[in-house]
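For reference, the structure discussed in these notes is given below.
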2 protein chains.
Amino acid sequence: MIALKDSSASVVHVGVRRQCYYCPVRARAPCGGLRDTNSLERLDLAHTLPRRVAPGATVVAPGERAASTYTVLNGWVALIDTLKDGQMVIHHFALPGDVIPLELLGDQSTRSAVAVGEATVCAFTPASHQRLRREDGLYDARYQAAIARELHYAYDHFADIALASAAERVAKLLWGLSVRSLHRRPLASDLIPAPLNQIQIGLATGLTAVHVSRTLKQLREQNLITFEDHMIGIDNPRAVERFTGASADLMDMWM
Amino acid sequence: MIALKDSSASVVHVGVRRQCYYCPVRARAPCGGLRDTNSLERLDLAHTLPRRVAPGATVVAPGERAASTYTVLNGWVALIDTLKDGQMVIHHFALPGDVIPLELLGDQSTRSAVAVGEATVCAFTPASHQRLRREDGLYDARYQAAIARELHYAYDHFADIALASAAERVAKLLWGLSVRSLHRRPLASDLIPAPLNQIQIGLATGLTAVHVSRTLKQLREQNLITFEDHMIGIDNPRAVERFTGASADLMDMWM
DNA sequence: CGTCCGTTTGAGCTTAATCAACGGACGTGG
DNA sequence: CCACGTCCGTTGATTAAGCTCAAACGGACG
């Protein structure tokens with residue numbers, strides 16, 4: 001197994017050039033419905049070769065200057081905040097097709113992006129990104145939408161942490177990840193691979209790992225959600241939706 | 001005293017047209033350093049007449065479609081989230097010169113913008129905003145920066161709520177508001193007007209009003225911060241900075 | 001075979017919520 | 001003018017949610 005520490009050392013170019021055009025997966029995400037071949041080719045030329053990132057390696061290091069505009073092609077990337085005293089928070093998990101909204105941030109930032117499991121990302125250099133946005137109105141609009149989605153997501157996440165109980169927070173997180181991972185409403189029969197561990201669930205929900213363990217047990221016993229062996233199982237989708245307060249309209253955003 | 005309930009009824013056009021050019025106050029905010037007269041005039045022509053909003057009246061109602069791009073000219077505007085069960089969170093206080101980042105959000109949103117105290121806002125229509133951004137690269141860059149700042153702020157706020165104690169949260173909020181309000185580091189002698197009450201501090205920090213009261217008492221007794229009669233007093237700036245972990249680089253963002 | 005990491009479980013403690021009562025400021029209406 | 005209700009802030013007593021500390025277990029891996 002590859003276990004490189006340094007992110008630059010873990011750069012590997014993989015051979016999926018042709019099908020990688022900014023947003024390979026998500027139908028409604030930045031590139032959704034990009035049927036115009038010219039646009040596609042312009043995108044393809046503008047971004048860098050896909051880069052493979054080892055588990056735990058940084059895609060963007062903390063304080064790294066606004067390098068490029070990254071997009072996740074495969075795997076999950078966590079957007080992490082590390083405070084002075086070493087405490088950490090996970091703001092967001094970027095799934096395939098998601099933009100990593102870090103090029104917006106200044107260089108004194110404490111945020112970084114780290115691969116959870118193995119991930120592949122591609123990037124636009126600032127210059128090519130600028131040009132692309134100017135020349136391709138469709139691209140620009142989609143990029144704007146992606147940023148808006150990040151802001152929207154950040155607000156949702158904040159409201160959850162401020163108001164919801166531990167069980168609700170964990171359920172919301174796992175439900176949200178399931179929906180975004182499947183691009184549809186999960187079924188009871190689905191087993192959704194999630195390269196997470198309980199520590200990371202804790203960082204994303206503002207809970208300790210110990211309490212996450214207890215909370216997962218509780219969710220399991222209530223036949224809502226199971227999380228074992230890096231797989232999410234939604235035992236009872238309707239009950240989970242009710243429990244988390246997930247609304248149909250909000251779902252649209254993430255599918 | 002004016003006490004209009006309906007936001008549309010509270011629309012009053014005030015006569016400060018000339019000096020209102022998107023960002024009348026903040027030096028580093030969207031319009032900072034806009035010395036080019038052409039740009040100024042273009043901005044002036046593009047936005048609507050300033051509108052006065054009564055205390056508690058909505059600037060943008062929940063679910064209101066992405067109407068315009070609002071900028072606060074005077075007073076404070078709270079960005080509020082109202083959940084189904086009626087619980088509320090305040091994500092952010094927009095101060096004079098700040099953009100209200102709601103035109104980014106969809107129409108099924110639960111967020112709204114409400115005047116805290118009396119406020120004045122102006123707006124760009126979507127069309128004129130689009131045109132302005134296309135034609136004025138400087139404006140576009142500043143707008144981008146404003147959005148980035150909102151995202152940045154949302155992440156900071158999240159990290160605070162997830163990790164900090166009640167006293168730290170309240171202190172951070174009041175310190176941040178003071179810095180943004182003064183555009184400089186507060187001095188011990190400053191008394192900063194803040195049209196807030198303890199309930200709103202609670203909504204912004206994820207605490208109950210009762211606990212905010214106790215927390216303020218504690219901060220007062222420790223000679224850190226006083227909050228009385230809608231005035232913030234930073235008793236000991238250095239100690240507050242230490243206590244909240246406010247760093248010099250982060251300050252730059254808000255001054 | 002030992003070590004390390006992630007998870008589980010228990011016991012006790014801390015923080016902040018909840019419930020409840022009270023007082024002052026302010027506005028309203030008699 | 002005073003009586004009343006409402007809103008906001010304060011304080012006390014009690015409760016509950018989640019943290020901390022501690023121990024133990026299993027699997028992965030050297």
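Note that this is a predicted model, so its numbers are computed, not measured. Below, read A as the first sequence line, B as the second, and so on, with proteins coming before strands; counting in each chain starts at 1.
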side-chain contact (heavy atoms from CB on, under 4.5 Å) evaluation trace for B:L177 with B:L95: CA-CA 9 Å; B:L177 290 172; B:L95 267 51; 4.2 Å; yes
Euclidean distance, atom CZ of residue A:F227 to atom P of C:dT8 [Å, nearest integer]: 10 Å
Distance below 4.0 Å between B:Q198 side-chain N/O and D:dC7 OP1 or OP2: no
Watson-Crick/G-U partner (both atom distances under 3.5 Å) of D:dG30: C:dC1
Whether A:N197 side chain and A:I199 backbone form a donor-acceptor pair below 3.5 Å: yes
Separation of D:dA28 P from A:N197 CG (nearest whole Å): 15 Å
base_contact_polar (D:dG12 base, B:R214 side chain, donor-acceptor, <3.5 Å): yes
A:R220 side chain near C:dT8 phosphate (N/O to OP1/OP2, under 4.0 Å): yes
Euclidean distance, atom CG of residue B:L196 to atom P of D:dC8 [Å, nearest integer]: 13 Å
Nucleotide paired to D:dA22 in any strand shown, Watson-Crick or G-U, under 3.5 Å: C:dT9
Residues B:D156, A:R111: salt bridge by 4.0 Å N-O rule: yes
Donor-acceptor under 3.5 Å (A:H230 side chain, A:L196 main chain): yes
Sugar-phosphate, base or nothing in reach of A:V212, heavy atoms under 4.0 Å: nothing
Plane angle bin for B:Y153 and B:H157 - parallel if under 30°, tilted between 30 and 60°, otherwise perpendicular: tilted
Which nucleotide in D:dC19, D:dT11, C:dA17 has an atom nearest any side-chain atom of B:L207: C:dA17
OP1 or OP2 of D:dT10 under 4.0 Å from side-chain N/O of B:S213: yes
Euclidean distance, atom CD of residue A:Q218 to atom C1' of C:dT9 [Å, nearest integer]: 15 Å
Touch class at under 4.0 angstrom, heavy-atom based, for A:G206 against every strand present: sugar-phosphate
Sugar-phosphate, base or nothing in reach of B:S165, heavy atoms under 4.0 Å: sugar-phosphate
Rounded interatomic separation in angstrom, taking CD from B:E228 and C1' from D:dT10: 12 Å
Phosphate-side-chain proximity, A:K217 and C:dT9, N/O vs OP1/OP2 below 4.0 Å: yes
Atom-to-atom span, NE2 of B:H211 to P of D:dT11 - whole angstrom: 14 Å
Lys/Arg N to Asp/Glu carboxylate O, B:D98 vs B:R180, below 4.0 Å: yes
Interatomic distance, B:L163 CG vs C:dA16 P [rounded to whole Å]: 13 Å
Whole-Å distance separating the CD atom of A:Q200 from the C1' atom of C:dT7: 14 Å
side-chain N/O A:T208 vs D:dC19 OP1/OP2, d < 4.0 Å: yes
From C:dT7, D:dT10, C:dA16, nucleotide with atom closest to B:A166 side chain: C:dA16
